[in-house]
Protein chains: 2
Amino acid sequence: MDAGEAVETIQREMTVFARRARASAGRLHPELSLVSYTLLGHLEDSGGCRATDLAAHYALDKSTVSRQVTALERSGLIERRQDRTDHRVQVLHLTDAGRSILAQVTQSRRAAFRERLAEWPEPDLERFAEYLVRYNAWGGSGTPDAG
Amino acid sequence: MDAGEAVETIQREMTVFARRARASAGRLHPELSLVSYTLLGHLEDSGGCRATDLAAHYALDKSTVSRQVTALERSGLIERRQDRTDHRVQVLHLTDAGRSILAQVTQSRRAAFRERLAEWPEPDLERFAEYLVRYNAWGGSGTPDAG
DNA sequence: GCGTCAAGTTGTACGGTGCAACGAGGCGGG
DNA sequence: CCCGCCTCGTTGCACCGTACAACTTGACGC
């Protein structure tokens, strides 16, 4: 395989992955869509942020984020805290319930991935992980991915 | 990084990728959604197949495929050929227009990937490609992916 | 021939998304 | 001080992709 072929393969396989991920999203965890999951995950990592930050980070329209946030709040997984100094701003935080659900889903996703990767030698796992990080780190938001 | 961390990382990065891919799908190629693209690609690779085969391959409902196929046919990108011996069966084929569009989109996607991967040393590219193939090959359809 | 199975279509509903229009609140220059 | 402009967020609307269920048509075996 030369570099050209490798790029072709990466493109094709990333596309297949994206395609399947979308198709199967939500089957494992009907209680939490892929979108909601990543949003909650970002809230946990960031320790709370604004809807606008989520929209920028995931290249989503602010209206989409607004609706997702509304749904998550209705489900009791996140809460909004009005900013004292700027009344336009709502800082979003995970509730205990949100943290709990997020942990559960992460756990079951982790189990599925473990099973899938069980046969892999450890050095391969580590390299694969490193490649994915490198790939995703490129250029921040607004990049092509498999779109 | 130990094996456990590597699995965690692969899970998280695959999820990020899937999430972004979905968000940005269609922006680069408004003329051909990610779904249509993969369907056309499969038709090219397979040299023609049935709607049921597409549904099985991508773990989609047959109704979904039926509608996609209808749309692609209306756009003149594919054609249906009735099977002579089994009248229930429609074998789907790319039209010249379909082949042409597919080639264009593949070309521009390829360019985006090349740019994104330009800095990578060749051995890394090849290993990354191999890992992705290995990952996607696991268990065929109905597997968790990042869902 | 009749039941059963397979391929595909259609009705219906839902979730996620973007765009446009709008409302509410902050900020800075006349 | 007030007015215009910006930012954050919500809402109305439309669209796409998807699933499930019911149905039609055709093949196959007993």
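Residue numbers start from 1 in every chain, and the chains themselves are labelled A, B, ... in the order their sequence lines are given, proteins ahead of strands.
Look at CZ on A:Arg80: it is 9 Å from P on D:dG9, rounded to the nearest Å. One atom, CD of A:Gln90, and another, C1' of C:dG23, lie 13 Å apart when rounded to the nearest Å. Note: CG (B:Leu60) to P (C:dT9) measures 15 Å, nearest angstrom. Atom CG of B:Leu39 and atom P of D:dG17 are 10 Å apart (whole Å). When the P atom of D:dC8 is taken as reference, atom CD of A:Gln68 falls 20 Å away, rounded to whole Å. Between the CG atom of A:Leu92 and the P atom of D:dC8 there is a distance of 13 Å, given to the nearest Å. At whole-Å resolution of the value, CZ in A:Arg50 and C1' in C:dA24 are 16 Å apart. Separating the CG atom of A:Leu72 from the P atom of C:dG15 is a distance of 13 Å, rounded to the nearest angstrom.
Closest to the side chain of B:Thr52, out of C:dG16, C:dG8, D:dG9, is C:dG8. Checking C:dG8, C:dG25, D:dA19 against every side-chain atom of B:Thr64, the shortest atom distance belongs to D:dA19. Nearest to the side chain of A:Arg67, among D:dC13, C:dG8, C:dT9, sits D:dC13.
A donor and an acceptor atom sit less than 3.5 Å apart, one in the side chain of B:Ser63 and one in the base of D:dC20. Counting distance only, with no hydrogens placed and no angle test, the side-chain atoms of A:Arg84 and the base atoms of C:dG25 include no donor-acceptor pair under 3.5 Å. In the interface, the side chain of B:Arg88 is not paired with the base of D:dT25 through any donor and acceptor atom under 3.5 Å apart.
The backbone N or O of A:Val65 lies less than 3.5 Å from no partner atom in the side chain of A:Tyr58, so there is not a single donor-acceptor pair. Checked by atom type and distance alone, the side chain of A:Arg116 pairs as donor or acceptor with a backbone atom of B:Tyr135 at under 3.5 Å.
For the pair B:Thr70 and A:Lys62, both in contact range of DNA chain C, the more 5′-proximal nearest nucleotide belongs to B:Thr70. Both A:Thr85 and A:Asp61 lie near DNA chain C, and the one whose nearest nucleotide falls closer to the 5' end is A:Asp61.
Contact check on B:Arg80 versus B:Glu73 returns a salt bridge, with a Lys/Arg side-chain nitrogen under 4.0 Å from an Asp/Glu carboxylate oxygen. Using a cut-off of 4.0 Å between Lys/Arg side-chain N and Asp/Glu carboxylate O, A:Asp124 and B:Arg134 are scored as salt-bridged.
Distances shorter than 4.0 Å separate some side-chain N or O of A:Ser33 from OP1 or OP2 on C:dG16.
When side chains are defined from C-beta on, B:Arg50 counts as touching B:Asp53, because their heavy atoms get closer than 4.5 Å.
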